[in-house]
Amino acid sequence: MNKSISNFLALARWIAALAVLVTHAGELIQISDIMVAPHGPGVYAWWFLAGFSHQAVLAFFVMSGFLIGGDLLRRLDRPDPFLKQYIIDRFSRIYIVMVPALALGFVVDSIGRRIFPDSGIYDGAFFDGVFNPINILWTLLQQQNIWAPQAGTNGPLWSLACEVWYYITFPLLLAPLSRAYSTGFRLAAFACGGLSVVVMSIPESFFLFGYGVWTLGALVRVAPRPLIKSTWLSLGVFLATAALMRLGARGPL
């Protein structure tokens with residue numbers, strides 16, 4: 001990967017992370033009457049900028065597909081096996097950070113619920129059943145907000161569950177196209193990948209839609225040429241589309 005693409009991805013990740021941070025910070029500032037009462041320009045500017053977290057998460061999915069899925073697509077024509085090292089790389093990168101994060105979240109939630117039992121913070125319907133310790137095990141198995149509730153207040157980990165299953169199933173689904181393994185192994189891998197996707201798609205969740213977005217990112221990595229050659233035109237189309245979606249979306253959408 002050349003330096004310009006690497007720098008672009010680093011900048012895109014930073015902007016997407018900032019968008020998520022701004023949105024969550026904006027939840028502390030309630031503007032419930034934004035649509036029915038007059039406000040100053042600053043309030044409207046903040047309201048507009050604090051609403052791009054979901055688009056930012058989609059951008060993360062695209063970049064993840066580009067980096068992980070795209071790299072897998074480029075390995076298919078190589079005769080050397082790659083799954084073992086791929087699995088070690090992916091799972092070590094995830095669980096080295098995830099395990100201490102879950103432990104810290106459990107400690108903070110336990111202290112918060114003990115010190116602020118009457119605050120109402122932990123009594124919302126959103127938190128029903130999430131403080132059961134068994135949810136930590138389900139989260140380690142990447143089932144949060146798919147087949148099981150989240151673990152405590154670690155709600156944003158839903159996106160990691162989706163991505164981990166993309167990491168697992170994508171190379172399995174691609175196995176028939178690889179030259180590195182026997183025919184029997186490739187067919188068995190494909191069957192396991194397909195079954196896993198079906199099982200993960202049964203509950204109502206973001207999994208299947210996110211998989212489509214992630215896969216598009218992977219396909220971009222091997223596309224012969226960009227659909228739009230001009231970088232600035234691409235950026236303009238992206239910003240205009242994001243702004244129109246922000247202004248046009250209402251309610252559950």
Side-chain angles (χ1 to χ4, degrees), residues 4-68 93-94 97-98 100-102 104-105 108-109 112 116 119-122 124-127 130 139 144-145 150-164 166 205-207 209-210 212-214 216-217 220 231-253:
S4 62
I5 294 177
S6 179
N7 289 340
F8 169 79
L9 289 173
L11 178 62
R13 282 170 158 173
W14 189 89
I15 293 174
L18 179 63
V20 173
L21 175 64
V22 169
T23 296
H24 286 301
E27 292 173 356
L28 302 175
I29 305 174
Q30 297 296 325
I31 317 177
S32 57
D33 62 346
I34 188 70
M35 295 296 181
V36 295
H39 295 278
V43 174
Y44 288 115
W46 172 260
W47 170 82
F48 178 79
L49 293 173
F52 287 96
S53 63
H54 196 65
Q55 292 91 325
V57 170
L58 289 177
F60 277 123
F61 274 59
V62 172
M63 287 185 280
S64 173
F66 179 85
L67 292 168
I68 307 303
R93 183 178 178 89
I94 291 166
V97 178
M98 186 177 184
L102 281 175
L104 178 61
V108 172
D109 283 342
F116 306 109
S119 65
I121 296 174
Y122 299 97
F126 182 77
F127 290 136
V130 303
T139 299
Q144 61 272 22
N145 297 110
Q150 66 194 48
T153 56
N154 277 308
L157 284 178
W158 68 266
S159 61
L160 181 61
C162 290
E163 289 214 36
V164 168
Y166 305 157
S205 72
F206 190 79
F207 175 83
F209 177 79
V213 173
W214 192 90
L216 287 175
V220 168
T231 303
W232 291 108
L233 179 58
S234 297
L235 178 62
V237 171
F238 172 76
L239 293 177
T241 303
L244 288 173
M245 289 176 63
R246 174 75 183 105
L247 295 173
R250 292 290 184 273
L253 181 62

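Position 1 is the first residue of the sequence; numbering continues from there.
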Inset, instruction - Answer whether the closest heavy-atom distance between the side chains of M245 and F52 falls below 4.5 Å. - result: no
Legend entry - Whether over 12 other heavy atoms sit under 6.0 Å from Y44 OH: yes
Inset, instruction - Any chance you could measure S6, atom OG, to L11, atom CG, to the nearest 0.5 Å? - result: 11.5 Å
Inset, instruction - May I ask you to test the L58-F209 pair for a side-chain heavy-atom distance under 4.5 Å? - result: yes
Legend entry - Shortest non-hydrogen contact from A19 toward A56: CB-CB, 3.9 Å
Legend entry - Over all atoms of both residues, closest heavy-atom pair of A101 and N154: O-ND2, 4.3 Å
Inset, instruction - Check for a donor-acceptor pair, side chain of T241 on one end and backbone N or O of V237 on the other, with a separation under 3.5 Å. - result: yes
Inset, instruction - Would you name the heavy atoms of R246 and W47 that are closest together and state the gap between them? - result: NH2-O, 2.5 Å
Inset, instruction - Please work out whether the ring planes of H54 and W158 are parallel, tilted or perpendicular, with thresholds of 30° and 60°. - result: parallel
Inset, instruction - Would you confirm whether T23, through its side chain, and A50, through its main-chain N or O, come within 3.5 Å as a donor-acceptor pair? - result: yes
Legend entry - Flag side-chain contact, heavy atom, 4.5 Å: L9 against L67: yes
Inset, instruction - List the atom of G152, the atom of D109, and the distance in Å for their closest heavy-atom pair. - result: CA-OD2, 3.3 Å
Inset, instruction - Check ring pair (Phe, Tyr, Trp, His ring centres under 6.0 Å) between Y122 and all other residues, then give those that pass, not counting sequence neighbours. - result: F131
Inset, instruction - Run through Y166, F61, F207, F66 and flag the one making a ring pair (Phe, Tyr, Trp, His ring centres under 6.0 Å) with W214. - result: Y166
Inset, instruction - Please name all residues satisfying ring pair (Phe, Tyr, Trp, His ring centres under 6.0 Å) with F8, sequence neighbours left out, ordered by chain then number. - result: none
Legend entry - Heavy-atom side-chain proximity of F206 to V213 below 4.5 angstrom: no
Inset, instruction - Given side chain to side chain contact (heavy atoms under 4.5 Å, CB included), test Q150 with F127 step by step and report yes or no. - result: CA-CA 9 Å; Q150 66 194 48; F127 290 136; 4.2 Å; yes
Legend entry - Over 12 foreign heavy atoms within 6.0 Å of CZ, F116: no
Legend entry - L216 vs V220 side-chain heavy atoms within contact, under 4.5 Å: no
Inset, instruction - Grab the two heavy atoms, one from A151 and one from T139, that are nearest each other, plus how far apart they are. - result: CB-OG1, 3.3 Å
Inset, instruction - Indicate the atoms forming the closest heavy-atom contact of L157 with M98, along with that distance. - result: CD1-CE, 4.5 Å
